[in-house]
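Taking it in order: structure first as C-alpha cells, then the write-up.
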Amino acid sequence: VLYVDSQISHLFSDDHRELLRSFAAQAAVCIENARLFAEVQEESRRRLEEEMKARELEARRDAMAAFVSIAAHDLKNPLTVIKGGIYLLRRQGLTPAGEEVVESMERSLQRAMRLVQTYLDAVCLEDGRELELSTSALEVGPVVRRELELLRARLPANRPFEFEVQVPEGLRVQADESRLEQILGNLLDNAVKYSPSGGRVDVRAYPCDGEVAIEVSDSGVGLAPESMGRLFLRYSRVGDTRATTGTGLGLWITRRLVESQGGKIEAESRPGGGSTFRFTLPRAR
Ligand code: ADP
C-alpha cells in the first residue's frame with residue numbers, strides 16, 4: 001500500500017495520482033524481483049551445500065577403499081604363514097588336547113581369511129573388476145551344515161541359539177563352492193550378530209521356478225521399512241548399529257556374488273520381528 005497525505009486540500013491533481021499509481025506499480029515489481037532473487041540465492045546456496053556434502057562423502061569412501069585395500073593385502077601374508085604352521089603341527093602328530101587347540105586355531109584362521117577375502121573382493125569391485133568364480137554342480141545340504149558347524153563352534157555360551165535346517169537331500173545348485181560358503185557365512189553371521197539375546201535361526205532351501213531358493217531367517221532385531229532400500233549398498237550400515245561393529249561391506253558383496261552367479265537376493269524384515277534373506281541360484285541336476 002502506498003499512502004501519500006497532505007494538510008492542504010485539493011493539492012493532488014489527476015496527474016499526481018497517475019504518477020503515484022505508476023510509481024507504486026514499479027515499486028511492487030521491484031519488491032517482487034528482490035523476493036525472487038533471495039529465493040534463487042537460497043536455492044543455489046542449498047545446492048552448493050548438498051554438492052559439498054556429496055563430494056565429502058565420496059572422498060571419505062575413497063579413503064576407506066584405499067585403507068581396506070592396504071589392510072587386506074598386509075593381512076594376507078601373516079595368515080598364510082599361520083596356515084602353513086598349522087599344517088606342519090598336524091604332520092608332526094598331536095595329542096587329543098593339542099588337536100582341540102589346533103582345531104580352534106583353524107576356525108579362527110578361517111574366519112580371519114573370510115574377512116580378508118571380503119576386503120579383497122571389495123577392492124576388486126571398487127576397481128570395476130568382476131569377482132572370480134569357478135562353478136560346478138553342488139549339493140546344498142552339506143555346504144549349509146558345514147557353515148552352521150563353523151558358526152556354532154564360535155558362538156559364546158551366553159547367546160543360546162536354536163538352529164533349524166530344512167534342505168531336501170540331493171538338492172543341487174550350479175555355483176562356486178567357496179563363494180556359496182561365503183554367501184551363507186555372511187548371512188548366518190548377520191543372523192546371529194543382529195540377534196543380541198540369542199533366538200532362532202532357520203535355513204531352508206527349496207526348488208523354485210527352475211532355480212533353487214535358499215533362505216536364512218532369524219528372530220532378531222529386524223529392520224524398519226525405510227532402511228530396506230539401503231541394505232545392499234556398499235559401506236551401508238542401517239538401523240541402530242551402536243551395539244555392533246561392521247563395515248557395511250558384507251551384504252554388498254553377497255549381492256554381487258549372488259548376481260554374478262545368475263541369482264537374485266532380497267530381504268524381508270520387521271522391527272523387532274526378525275529378518276529373512278532369500279537368494280536364488282541356478283538349479284543343477
Ligand atoms: P555389517 O554387518 O558389517 O554392518 P552388512 O553389509 O553385512 O554390514 O549389513 C549391512 C547392514 O544391514 C547392517 O549394518 C545391519 O544394519 C543390517 N543387517 C544385515 N543383516 C541383518 C539381520 N539379519 N538383521 C537385522 N539387520 C541386518
Side-chain angles (χ1 to χ4, degrees), residues 63-127 129-136 138-161 163 165 175-194 198 201 203 216 234-235 244-254 256-257 260-261:
M64 181 102 151
F67 168 75
V68 164
S69 169
I70 293 165
H73 285 104
D74 281 355
L75 282 170
K76 208 176 170 188
N77 288 343
L79 291 179
T80 311
V81 173
I82 297 172
K83 192 176 176 185
I86 289 178
Y87 174 76
L88 283 180
L89 280 174
R90 278 239 164 79
R91 271 196 30 182
Q92 283 172 9
L94 289 164
T95 60
E99 179 59 38
E100 226 173 90
V101 173
V102 166
E103 267 176 23
S104 140
M105 281 167 65
E106 218 167 23
R107 281 193 297 270
S108 297
L109 176 70
Q110 201 161 3
R111 174 143 182 79
M113 285 187 126
R114 278 268 172 91
L115 290 172
V116 169
Q117 185 61 52
T118 299
Y119 305 149
L120 290 172
D121 287 345
V123 173
C124 176
L125 290 172
E126 296 271 5
D127 286 352
R129 288 177 284 132
E130 286 302 314
L131 297 172
E132 271 172 35
L133 293 172
S134 156
T135 68
S136 60
L138 292 175
E139 185 163 353
V140 179
V143 185
V144 168
R145 278 186 281 276
R146 243 183 359 248
E147 282 307 307
L148 272 178
E149 268 324 299
L150 277 174
L151 178 67
R152 265 206 194 104
R154 63 163 192 279
L155 277 178
N158 62 353
R159 305 255 310 274
F161 276 95
F163 293 102
V165 178
D176 180 310
E177 189 165 8
S178 67
R179 297 308 201 171
L180 177 56
E181 286 170 356
Q182 203 179 338
I183 295 167
L184 283 166
N186 278 343
L187 297 181
L188 287 168
D189 267 358
N190 280 348
V192 300
K193 181 161 144 187
Y194 298 105
V201 175
V203 185
V216 176
R234 71 179 174 156
Y235 299 120
T244 55
T245 57
T247 53
L249 286 172
L251 284 184
W252 176 52
I253 290 168
T254 299
R256 297 293 294 257
L257 283 173
S260 57
Q261 297 183 79

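Computation of the quantities below employed the complete heavy-atom set of this structure, encompassing side-chain atoms and omitting hydrogens, waters and symmetry-equivalent molecules.
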Indicate yes or no: at least one non-hydrogen side-chain atom of [X] is less than 4.5 angstrom from one of [Y].
X      : Y      : answer
His73  : Leu120 : yes
Phe163 : Leu151 : yes
Asp176 : Leu138 : no
Val143 : Arg146 : yes

How long is the straight-line distance from [atom2] of [Y] back to [atom1] of [X], given to the nearest 0.5 Å?
X      : Y      : atom1 : atom2 : answer
Glu100 : Thr95  : CD    : OG1   : 9.5 Å
Thr135 : Glu177 : OG1   : CD    : 12.0 Å
Thr80  : Met113 : OG1   : CE    : 4.5 Å
Ile183 : Leu187 : CD1   : CG    : 7.5 Å

Arg111, Glu181, Gln110, Arg145 screened by side chain to side chain contact (heavy atoms under 4.5 Å, CB included) with Leu150, the one that passes: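 Of the listed options, the one satisfying the test is Gln110.
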Taking salt bridge (Lys or Arg N to Asp or Glu O under 4.0 Å) as the test, write out the residues that go with [X], two or more places apart.
X      : value
Glu149 : Arg152
Arg154 : Asp189
Glu132 : none

Where is the tightest heavy-atom contact between [X] and [Y], given as atom of each residue plus distance?
X      : Y      : answer
Ala191 : Val216 : CB-CG1, 4.2 Å
Arg114 : Gly185 : NH1-CA, 3.9 Å
Leu133 : Ser260 : CD1-O, 3.5 Å
Cys124 : Leu131 : SG-CD2, 4.1 Å
Ile253 : Ala122 : CD1-N, 3.7 Å

By side chain to side chain contact (heavy atoms under 4.5 Å, CB included) - contacts of Pro156 (at least two apart):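 Asn158, Arg159.
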Using the test side chain to side chain contact (heavy atoms under 4.5 Å, CB included), find all partners of Val101 that sit at least two apart in sequence or belong to another chain.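 Checked Val101 against side chain to side chain contact (heavy atoms under 4.5 Å, CB included); matches are Met105.
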Residues which pass side chain to side chain donor-acceptor pair (under 3.5 Å) with [X], listed by chain and number, not counting sequence neighbours:
X      : value
Glu103 : none
Ser104 : none
Asp127 : Arg129
Tyr119 : none

Output every pair passing salt bridge (Lys or Arg N to Asp or Glu O under 4.0 Å) with a member in [range], not counting sequence neighbours, ordered by first then second residue.
range            : value
residues 66-77   : none
residues 116-126 : Asp121-Arg179, Glu126-Arg234
residues 78-98   : Arg90-Glu99, Arg90-Glu106

Stepwise side-chain contact (heavy atoms from CB on, under 4.5 Å) check, Asn186 with Leu251: CA-CA 7 Å; Asn186 278 343; Leu251 284 184; 5.7 Å; no
